[in-house]
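Everything below concerns the one structure shown next.
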2 protein chains.
Amino acid sequence: MTEDLSIENLLRNRGLRVTPQRLAVLEVIRASREHPTAEEIYEIVRLEHPAISLNTIYKSLDAFEGSGLVQRFTIGNRSNYRYDFATHSHVHHHCSQCGRVSDWEHTEAMTDLIRRTERDEGGTVERVEIHLLGLCRDCVRDGFD
Amino acid sequence: MTEDLSIENLLRNRGLRVTPQRLAVLEVIRASREHPTAEEIYEIVRLEHPAISLNTIYKSLDAFEGSGLVQRFTIGNRSNYRYDFATHSHVHHHCSQCGRVSDWEHTEAMTDLIRRTERDEGGTVERVEIHLLGLCRDCVRDGFD
DNA sequence: ATCCATGCAAAAGATTTGCATCTTT
DNA sequence: AAAGATGCAAATCTTTTGCATGGAT
């Protein structure tokens, strides 16, 4: 008996009200590999919902983050928030040439190292964010360096 | 022949002008293990230089970052910048209980893993920021979990 | 019918910019 | 003397808050 993972049920399962705006916002995040900012989500959702306000984007994102559907973070030395569907890996590579933010595989060996560090230092780690800054594959191929 | 690593020479060596304000700002960052924000640096520097403006803190930090003396980053899901003397390790642990931001050791094994990832993914990595969110040693000892 | 989400406007917080004056080189 | 740093004020950008209205339960 597989769980129905429609956007709508994702909301319902967490006790969040279902509105057209929220469906649209969550869909954009789920579909994106770009770790969009609130502004970027706004511009995309606006194509279908021209009347939506940026404020509703923020409120929706807060609600989603509060119930664990989405994670927010900042990358490198930029200060505005980016959002990510919560199940994604959180090794982000930020290309210093083209600006693209992409997921890189979070290997099991990395997780092991975190656990070892945890033991050595005596604290705990519940969440890991690894940001790598450098050139993406495409920019390397195009000879920037 | 050891290099003179006075704050003053750190500035001169990079071609930056030496002013009392810059000396004070850089000294605060060098002395701190707290990864202070611009505002926090301002409050500390103000004790000695009551007339300094927050703007000068920002301008100094920009200059320092531009010449590699200092690095700035954001941590977890807070959006304002924190600054770090550039030679520090950049594995930051952010305690979800007491809010403390501390350096954890960046093991050589971690570096190796990054290099391997780099090869596997085909991009390059010039800088690594690892943010660990969880409980620090003290909060673990005090029984928060 | 109740509760909560929406959209507008205004506020707040952090950082940047413009500019006249002062300091360092 | 020239170039650049400082401090003040205003502007900008991002995010949050307050509130009246409308929509979801």
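Order of the sequence lines sets the chain letters (A, B, ...), proteins ahead of strands, with each chain counted from 1.
Of the side-chain N and O atoms in A:Gln21, one or more sit less than 4.0 angstrom from OP1 or OP2 of C:dG7. Phosphate proximity of D:dT6 to B:Ser53: absent, as no side-chain N or O sits under 4.0 Å from OP1 or OP2.
With the end axes of the helix from C:dA1-D:dT25 to C:dT25-D:dA1 each set by five pairs, the angle from one to the other reads 40° at 10° resolution.
For the side chain to side chain donor-acceptor pair (under 3.5 Å) test, residues two or more places apart in sequence or in another chain that qualify with A:Ser53 are A:Thr56. Residues meeting the side-chain contact (heavy atoms from CB on, under 4.5 Å) test with B:Ala24, sequence neighbours left out: B:Val45, B:His49. With sequence neighbours excluded, the residues that form a salt bridge (Lys or Arg N to Asp or Glu O under 4.0 Å) with B:Glu8 are B:Arg12. Here B:Glu39 pairs with B:Thr37, B:Tyr42, B:Glu43, B:Leu54 under the side-chain contact (heavy atoms from CB on, under 4.5 Å) rule; sequence neighbours left out. A:Thr124 is linked by a side-chain contact (heavy atoms from CB on, under 4.5 Å) to A:Glu118, A:Glu126, B:Leu135, B:Val140, counting only residues two or more places apart in sequence or in another chain. Every residue meeting the side-chain contact (heavy atoms from CB on, under 4.5 Å) condition with B:Ile44, not counting sequence neighbours, appears here in chain and number order: B:Val28.
Counting heavy atoms from C-beta outward, B:Leu69 and B:Arg14 have side chains that approach closer than 4.5 Å.
In this structure, CD1 of B:Ile52 is placed 14 Å from P of C:dT23, rounded to the nearest angstrom. Spacing between atom CD1 of B:Ile57 and atom C1' of D:dT6 amounts to 11 Å, rounded to whole angstrom units. One atom, NE2 of B:His49, and another, P of C:dC22, lie 19 Å apart when rounded to the nearest Å. We find that CZ of A:Arg46 is positioned 12 Å from P of C:dG7, with the value rounded to whole Å. The separation between B:Leu61 atom CG and D:dA5 atom P is 14 Å, rounded to whole Å.
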Compile the donor-acceptor pairs under 3.5 Å between side chains in residues 15-22 of chain B and protein atoms, sequence neighbours left out, one pair per line.
residue: B:Thr19; atom: OG1; partner: B:Arg22; partner atom: N; Å: 3.1
residue: B:Arg22; atom: NH1; partner: B:Arg17; partner atom: O; Å: 3.2

Review point. When you check every protein heavy atom under 4.0 Å of nucleotides 15-25 of chain D, what one-letter string (B, S, -) results, 5' to 3'?
Key: BBBB----BBS

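Centroid-to-centroid, the aromatic rings of A:His92 and A:Phe73 come within less than 6.0 Å.
Counting any heavy atom pair closer than 4.0 Å across all strands shown, A:Ala51 reaches sugar-phosphate atoms only and no base atom.
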